[in-house]
Structures are given as structure tokens and as C-alpha cells.
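All figures in this text were calculated on a predicted structure; none of them were measured in a lab. Throughout, numbering of the chain's residues begins at 1 and tracks the sequence. Counting convention: from 1, in listed order, for ligands and their atoms alike.
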Amino acid sequence: MAETIKGLERTDYCASFRLEDAGKEVTVFGWAQKQRDLGSLIFIDLRDRSGVLQLAFDESTEKSVFEKAAKVRSEFVLAARGIVRERSNKNKEIPTGDIEVDVKELRILSESETPPFAIDDKCNASELNRLKYRYLDLRRPSLQNNILMRHKITKITRDYFDENGFIEIETPMLIKSTPEGARDFLVPSRIHGGKFYALPQSPQLYKQLSMVAGFDRYMQIARCFRDEDLRADRQPEFTQIDLEMSFVDVEDVIEIGEGYIKRVFKEVLDEDISLPLPRLSYNEAMERYGTDKPDTRYGMEIINLTDILKDSEFIVFKSAIDGGGSVRCITAKGGADIYKRKVIDRLTETAKGIGAKGLAWARLTADGTSSSFAKFLSEEQMSALLERAGAETGDAVFIIADANDANVLSILGALRQEVAKKLNIIPEDKFNLLWIVDFPFFDYDKETDDYVAMHHPFTAPKDESIEYLGTDKSKVIAKAYDLVLNGVELASGSIRITDPELQGKMFDMLGLSKEEAQEKFGFLTNAFKYGAPPHGGMGLGLDRLVMQMLRLDSLRDVVAYPKLQNASEPMTECPAAVDEEQLDVLNIAVKEIEEE
Ligand code: ASP
């Protein structure tokens, strides 16, 4: 029979005691990390969320207590009362390493089977097994620390926004399906047979309505759901620090966002982020880094070679330029050694995998310059190219040419990252934050020859570009901004449209008929008829923020109960089939699913 804690009261967490507590009687609770039985001596490392404390049993220990200690196995849950004393054999690795507890009373509150893997940070159990026994995995000190840090960050978040006049409003989880770019998770309604709720992709519409409702400043640590094919840095449900402000323009939201970042980095990591954060326009980010989420911890910016090569007879360059595209390069400083033929071949394959027709290259070594294209260029062209590229002995240059300029940029953007990793030039200890602003309002889809909204359709166009809405969509700029940290999009937001007429026009331009727009978003445009303050806001990914701040590589390390890559959760085994009966009341029949 398990013993109880009756009559015992915890003095403090295990790792809170120090040498100055020697002589004190303490009561502690926790899990047996390890039991070492040396015959006449027994040691138990007792672990709770704060850390470990050594319990000691020796000849002076009462016999029944000693015998009980001998029975303890890993992960037994224990209560111990005893006297803190200085250890003879100190352990400098842990904060309580100078002391131990000379145990007077020991209770076994719960026994444990041998756990499927050892509970320590060196454990190399498979991820699947760790997630199956997530409650054991979570006992590991590193995960405990991650979750505690996450708590700390959310606490600072609430404090900061509260101090700045924001109020937390809980928006509903069961909402109308109004996809915001991804697929919705649907929830069938029992009461309204055949109808469905959706889980929110973000609280976007409700936070805007809260501005119409006059709350002025809203924030929420909001759970969002997106039914996407999972990539390494995605979870189907994630947490967003969501905010919205009335009577503001771009600068005001950015200022609040920056203040938050400064505060959280200072309080959690004692890291000083200097403000204002740098800003890049979308176009500049694309030109220089080939992406709208550039990692600015290193240089290797993209260089335009088009003007130098415009008279080149080399068919690859010529057809790209004549076709209205460009020829651009990146220069890998000191890369000639690493990028020998085989490694270049692999990089070429990578480039082809993301849409390049090929990869032109040059290597500058002490023995001279070798390249894939010099024979097609004049000497002047070649030397002008290398000069523009800033290439010196020891460097490697990689060139992409394409009739579609956007392709050239995005391919080089991806290669830039790849090469930087290979050269090991990314300073891992830096936090480089910047805003990307002045996004184009529309994204041009070459395949369908059509324009689609780059952001959600509630984003306002910049005042001075509204005139192009009807004439030249490519010139319309959005009042949107993204916050990027070390090459990862951390936050995204915009100033919203509040003019019902303009909103209608937007829906129209995005291909929604009046009826569809009314059907999907009528409640919002209606609301705007009753006095909508100018407003804007943003959503900041909490999981990503915590992951980046703790310098971790996986979201699964900062989410207590995450899903696997395939969107399943091995511990509870969800998603799972449900009873016929449950489906019946929902008027739902499941089609035959073909086994893959
Ligand atoms: N709803 C947007 C998102 O989830 C954020 C925003 O515009 O405030 O990305």
C-alpha cells in the first residue's frame, strides 16, 4: 500500500537548499532519480522540478528507514524528512552539491515500473518513444526548464501588454470557417445537422470586431489551428501572442512590438536589444537576400551582374537577360577550398531542386581561376564580373540566370543559406531582429496570370498607393509588416481596412463575388457600417519565440504536448476513430478510406 503525505509539509523544492541550511530539518517530495546502494551506505538523488538533492542513509539511520531506502528504485515517488548536513564528497556540478539530507523519515508515496528510457538529458530514446511517454520525457531537466521558461515568457508578455493598456479578451474556438490562407480544422455541429464550425486559424476577425466594440487595445495568448502538411517548424495547433490596437498606424504597432521584444529579451536572457530595430522594405530584402525573412547574422548578399553581362554571347546568360530576367550571384568568401567539383555538383542539384536550370560557378585559387563559363565570356567581362562579385583568391562564386527575376532571387536566397551553413559562418550566439515593411499588396501568380492577396484580405493598402488598385495592381503597397529573427518570421501584422466600400473592392479584386463576400465576411463589413476606428495589430508566434530564445531547433522542445510531423500524437493516439453512434448523432458517415 502506498503511503500518504499525511502530517508532512514540504519545506521547499529540492534544489533550494544550500550549505547555510546545514542543521535544519526539512521535508522534501520528489522522484528518485537514482538509488546507489553501497551496502552500509545508500544514496538517493531526489528530483523535483527545481533540480536534485541527495538523500543519505547510513549506520546512524534507523533500521526501518534504511530498509525502505534499499527498496527504492528509479522514479519511485518519495517523501523524505531529515536534517541538512554538509557532504564529505562534494559535487560541483549541481547547486545542492555541497549538502545532503540525513534522512529520519522516508515514505514511498508511489512505486514505478522501470521506465522505458532513462530520465536524463543524455537519454537517446527515439522521438516517437519520448512522445509516447511524454510525461516521462517532460521530467527531464532540459524540458522542465523549457516549459518553465515558456511560462516566464508568457507572464512577461501579459505584464507588458497589461502595463501598456491592453486587455486580454478570449475569442471563441468554435467559429465560422473563413480560411485565412491555410485549411481549416472543422468541427461538426450536432444541433445544426450538416453544419460545421471551424477552429480559428487566428482570432483575426474577432479582434477586429473588438476594436469596433470599443476595447481600444486587445491582446490574447491565443491558440491557433491550421490544417497544413507539417514541415519541420510547424505544429497543427500553435500559440500566438495576438494583439490589436485602435487609432494607430504602422509606426504605433511597430513601437509596441519593439518595446515587447526589448523587454522580454532583457528579462529572460539579460540581452540588450537596441531600438529601433532595423527595417528593410520587401523589395530590398528580396534584392539583397532573396527572401522576405533574411538571416542577417551574416553577409553574402546577392549581387546583380545583369548590366555587366548584357552583351554576353553565353546563351545561358543571354537568354535570361533577353527574356527580361537577370543574372545574379553570391560570393562565398573562403569557399574555394570547400567547394571542389563534387560539392559544387551537390549544390547544383540543390539549385535544380528549387527551380534553377543550372548553376554557373567560379573558383579562385592560388593556381588560378576555374569556372563553368569563362570560355563563353570575354576577358573584360570575366574580370568585371569577378570584381563586381568582390571575389578574391580563395573565394567561390555561384551564379544563377533566369528569365524570371523572382526565381533568380529566391534560388540564390536559398543557396545563400545552404552555403552559409556549409561554410559555418552563421554566428549562433546572435539575435538579429528586423522588420520587413512595404510589402506588395498582391502576389502575382504567373501560372494563373492572376493576383492574389499576399496577406489576409483585411490588410489596408498604403494611402498613396490606393489609386493603383484599379489600374496597376503590382504598384499597390500594403500597410503590412513582419518581424524576422535570425531568418525566421516571428510576427506578422498590418493596419486593417475599415472602409466598407474599400473592403468590398478588395474582396472583389481577390475574386470573391458580392454574394460570396457577404456570405463569408458579411458580419465584418456590416460591423464597419457602425463606426469602425482605424486599427491594426499583429500576431507573434510564441512557440517560435521561445524556441529561438532558448536556441533550440525544434518546436517540440517548447510545446508540452506536441504533435509529430504527421500531425498525430502518440501518447493518446489521436486522431482516432470514433463510435458509429457518435457519428450518427452528427449525421456523418465516413467514406471508405483507402489504405496507403
Ligand atoms: N492574423 C494574422 C496572422 O495570424 C496576424 C495579424 O494580422 O494580426 O498571421
Open item on the list: Only heavy atoms of Gln240, strictly under 4.0 Å: list the atoms of ligand 1 that pass.
Closed with: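 Matching atoms, with element in brackets: 3 (C), 4 (O).
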
Open item on the list: Distance under 4.0 Å to a non-hydrogen atom of Lys207: what atoms of ligand 1 satisfy this?
Closed with: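 By the 4.0 Å cutoff, the relevant atoms are 6 (C), 8 (O).
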
- [ ] Applying side chain to side chain donor-acceptor pair (under 3.5 Å), run through Arg496 and Ser494 and close with a yes or a no.
- [x] CA-CA 6 Å; Arg496 327 297 183 186; Ser494 62; 2.7 Å; yes

- [ ] Would you kindly specify which portion of Gln208 sits under 4.0 Å from ligand 1, judged on non-hydrogen atoms: side chain, backbone, both or neither?
- [x]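 Looking at Gln208 and ligand 1, no heavy atom falls under 4.0 Å.
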
- [ ] Run the salt-bridge test on Arg183 and Glu228 with the 4.0 Å N-O cut-off and return the result as yes or no.
- [x]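 No, no charged N to carboxylate O under 4.0 Å.
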
- [ ] Please work out whether the ring planes of Phe458 and Phe521 are parallel, tilted or perpendicular, with thresholds of 30° and 60°.
- [x]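 Perpendicular, since the angle between the ring planes exceeds 60°.
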
Task: Closest to atom 9 (O) of ligand 1 among Arg226, Glu489, Met538, Gln201 (heavy-atom distance) - done: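 Shortest heavy-atom distance from atom 9 (O) of ligand 1: Arg226.
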
Open item on the list: If I apply the N/O under 3.5 Å rule, does Ser202 come out as touching ligand 1?
Closed with: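 Indeed, backbone or side chain, Ser202 has an N or O that close.
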
Open item on the list: Can you see whether Thr171 engages Gln220 through a side-chain donor-acceptor pair at a distance of less than 3.5 angstrom?
Closed with: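 Their side chains do contain a donor-acceptor pair, which is all the 3.5 Å distance test asks for.
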
Task: Quiz item: cation-pi between Lys207 and Tyr218, 6.0 Å / 45° - done: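 The answer is no, since Lys207 fails at least one limit relative to Tyr218.
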
